[in-house]
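Okay, structure first, notes after.
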Protein chains: 2
Amino acid sequence: MYLSVDAGSATPLFEQLVAGIRAQVIDGSLSQGERLPAARELAESLDVNVHTVLRSYQVLRDEGFLDLRRGRGAVVASRVRDYAQLERDIDRVVAEARKLDLTANALTALIRKAYE
Amino acid sequence: MYLSVDAGSATPLFEQLVAGIRAQVIDGSLSQGERLPAARELAESLDVNVHTVLRSYQVLRDEGFLDLRRGRGAVVASRVRDYAQLERDIDRVVAEARKLDLTANALTALIRKAYE
DNA sequence: CAAGTTGTTCTAGTTGAGCTAGAGTAATTA
DNA sequence: TAATTACTCTAGCTCAACTAGAACAACTTG
């Protein structure tokens with residue numbers, strides 16, 4: 001499982017981890033039932049604190065992407081869904097936003113408003 | 001111009017202001033050339049510090065939505081654009097994300113990745 | 001059963017972004 | 001000239017994020 005974090009980024013480390021893992025579940029790089037590295041292990045390999053990784057795992061559990069069990073570890077949840085249409089929709093809205101010279105912040109803020 | 005902020009929200013006050021004003025420019029409630037309240041004035045009416053409002057104005061200037069001039073105030077920039085398609089695309093991607101039980105955070109993170 | 005693995009929970013200290021406050025400066029308008 | 005208004009600078013406060021260490025509970029493995 002490939003992951004990277006940027007300590008200098010404005011987005012929190014735990015959010016970067018969440019985003020990275022979630023994206024891999026959605027695009028299929030991580031598949032149902034697959035086991036993730038132990039939190040302590042991933043933390044060391046990314047040079048990040050264990051608690052930061054654990055927080056990310058817990059967010060992903062709350063969102064339904066992971067199953068967490070003591071002793072067993074973190075496993076990609078069985079969440080039967082087809083993300084193909086979503087990916088097309090995302091590509092389309094991003095292209096349109098680019099055409100209008102909107103920043104990523106502007107677009108995501110608009111989407112957040114539409115989500116209310 | 002209607003605006004409201006929630007001091008208890010996780011999203012920063014200045015971001016809430018930016019999002020609110022930007023959304024009104026995009027949906028046409030605020031139109032090109034229209035003058036916004038003076039920063040001091042808006043700050044008082046929202047019970048927020050002047051610097052917070054000024055920061056919002058400056059972000060919106062950087063994004064091309066406002067023109068700022070000392071003595072004159074903040075004016076909606078002439079930015080001839082048609083946002084109709086964008087709004088349709090946003091509605092579509094939000095509907096799809098809802099259908100897939102994605103949180104707003106999850107969707108915006110995916111979009112941010114697609115924007116890179 | 002015993003030992004090892006791994007997530008969970010708790011306390012605690014550090015750092016930086018966001019917010020507030022006050023004062024003064026510079027450009028524009030009336 | 002006087003009023004308006006954005007800009008800049010300093011300074012202090014608060015809270016989320018991050019780190020660190022320790023103990024605990026559930027599960028697996030030999």
Side-chain angles (χ1 to χ4, degrees), chain A residues 1 3-21 30 33-77 105 108-109 112, chain B residues 1 3-21 30 33-77 105 108-109 112:
Chain A
M1 187 191 57
L3 266 184
S4 69
V5 291
D6 174 11
S9 165
T11 62
L13 290 174
F14 83 94
E15 282 285 7
Q16 295 181 44
L17 289 174
V18 168
I21 296 170
L30 284 171
E34 197 167 338
R35 186 174 182 275
L36 272 64
R40 288 170 174 78
E41 193 181 326
L42 183 55
E44 187 174 13
S45 80
L46 294 177
D47 198 28
V48 155
N49 194 274
V50 197
H51 295 91
T52 304
V53 174
L54 283 167
R55 179 169 179 186
S56 305
Y57 280 5
Q58 282 155 11
V59 170
L60 289 163
R61 177 193 53 196
D62 293 346
E63 291 186 1
F65 288 101
L66 294 185
D67 288 329
L68 303 181
R69 306 289 292 269
R70 298 174 179 180
R72 189 182 308 171
V75 172
V76 178
N105 271 336
T108 53
R112 218 167 268 279
Chain B
M1 184 189 61
L3 266 184
S4 70
V5 291
D6 174 10
S9 165
T11 64
L13 289 176
F14 83 94
E15 281 284 8
Q16 294 181 45
L17 288 174
V18 168
I21 295 170
L30 285 171
E34 198 168 338
R35 187 173 181 275
L36 271 65
R40 288 170 176 78
E41 192 181 328
L42 183 55
E44 187 174 13
S45 80
L46 293 176
D47 199 28
V48 154
N49 194 275
V50 197
H51 296 90
T52 304
V53 174
L54 282 168
R55 179 168 180 187
S56 304
Y57 279 6
Q58 283 156 8
V59 170
L60 288 162
R61 177 193 55 195
D62 293 347
E63 290 186 2
F65 288 103
L66 295 185
D67 287 330
L68 303 182
R69 305 290 291 271
R70 298 176 177 176
R72 190 183 307 171
V75 173
V76 178
N105 271 336
T108 53
R112 216 168 270 280

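Throughout, a chain's letter reflects where its sequence line sits, starting with A, and its residues are numbered from 1.
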(message) Can you confirm whether more than 12 heavy atoms, excluding those of A:Glu34, are under 6.0 Å from its CD atom?
(response) yes

(message) Below the 4.0 Å mark, does C:dG18 have OP1 or OP2 next to a side-chain nitrogen or oxygen of B:Thr52?
(response) no

(request) Mind calculating the distance between CG (B:Asp47) and P (C:dA21) to the nearest angstrom? (result) 9 Å

(request) State, with a plain yes or no, whether a side-chain heavy atom of A:Leu36 is found less than 4.5 Å away from one of A:Leu42. (result) no

(request) Output the single nucleotide from D:dC7, C:dT20, C:dG7 whose closest atom is nearest the side chain of B:Leu68. (result) D:dC7

(request) Mind checking the CG-CD spacing from B:Leu46 to B:Glu41? Nearest 0.5 Å is all I need. (result) 10.5 Å

(message) I need the CG-P distance between B:Leu66 and D:dT5, as an integer number of Å.
(response) 16 Å

(message) Distance check, rounded to the nearest 0.5 Å: A:His51 atom NE2 versus A:Gln58 atom CD?
(response) 10.0 Å

(message) Students often get this wrong, so: under 4.0 angstrom with heavy atoms, is B:Val48 touching a base, only sugar-phosphate, or nothing?
(response) sugar-phosphate

(message) So, taking the atom named OG1 in A:Thr11 and the one named CZ in B:Arg112, what distance separates them when rounded to the nearest 0.5 Å?
(response) 8.0 Å

(request) Could you tell me whether A:Asp62 atom CG has more than 12 heavy atoms of other residues or ligands within 6.0 Å of it? (result) yes

(request) For A:Ala10, report the nucleic acid contact type (base, sugar-phosphate, nothing); a contact means any heavy atom under 4.0 Å. (result) nothing

(message) So, does A:Asn49 get its side chain near the phosphate of D:dA20, meaning an N or O under 4.0 Å from OP1 or OP2?
(response) yes

(message) How long is the straight-line distance from CG of A:Leu17 back to CG of A:Leu60, given to the nearest 0.5 Å?
(response) 9.0 Å

(message) Using heavy-atom distances to pick each residue's nearest nucleotide on DNA chain D, tell me which of A:Phe14 and B:Tyr57 is more 5'.
(response) B:Tyr57

(message) Could you tell me if the side chain of A:Phe65 sits less than 4.5 Å from the side chain of A:Val18, heavy atoms only?
(response) no

(message) For A:Asp47, is the CG atom crowded, meaning more than 12 foreign heavy atoms sit under 6.0 Å from it?
(response) no

(message) Nearest 0.5 Å, please: how far is CG in A:Leu30 from CE in A:Met1?
(response) 6.5 Å

(message) Distance check needed: D:dA17 P versus A:Leu17 CG, whole Å only.
(response) 14 Å

(message) In this structure, how many angstroms lie between the C1' atom of C:dG7 and the CG atom of A:Leu42, rounded?
(response) 14 Å

(message) How many whole angstroms separate atom CD of A:Glu15 from atom P of C:dA17?
(response) 17 Å

(request) If a protein heavy atom is under 4.0 Å from the base, mark B; if only from the sugar-phosphate, S; if neither, -; do that for nucleotides 24-30 of chain D going 5' to 3'. (result) -BBBS--

Find every protein N or O atom lying less than 3.5 Å from an N or O atom of nucleotides 9-11 of chain D, and list the pairs.
unit_1 : atom_1 : unit_2  : atom_2 : d
D:dC9  : N4     : B:His51 : NE2    : 3.2

(message) Under 4.0 Å, counting only non-hydrogen atoms across every strand here, what does A:Gln58 touch: a base, just sugar-phosphate, or nothing?
(response) sugar-phosphate

(request) To the nearest Å, give me how far apart CG (A:Leu54) and C1' (C:dG7) are. (result) 6 Å

(request) Grab the CG-C1' distance between B:Asp67 and C:dA27 for me, whole Å please. (result) 15 Å

(message) Heavy atoms from C-beta onward define the side chain here; which of D:dT5, D:dC7, D:dA17 lies closest to that of B:Arg61?
(response) D:dC7

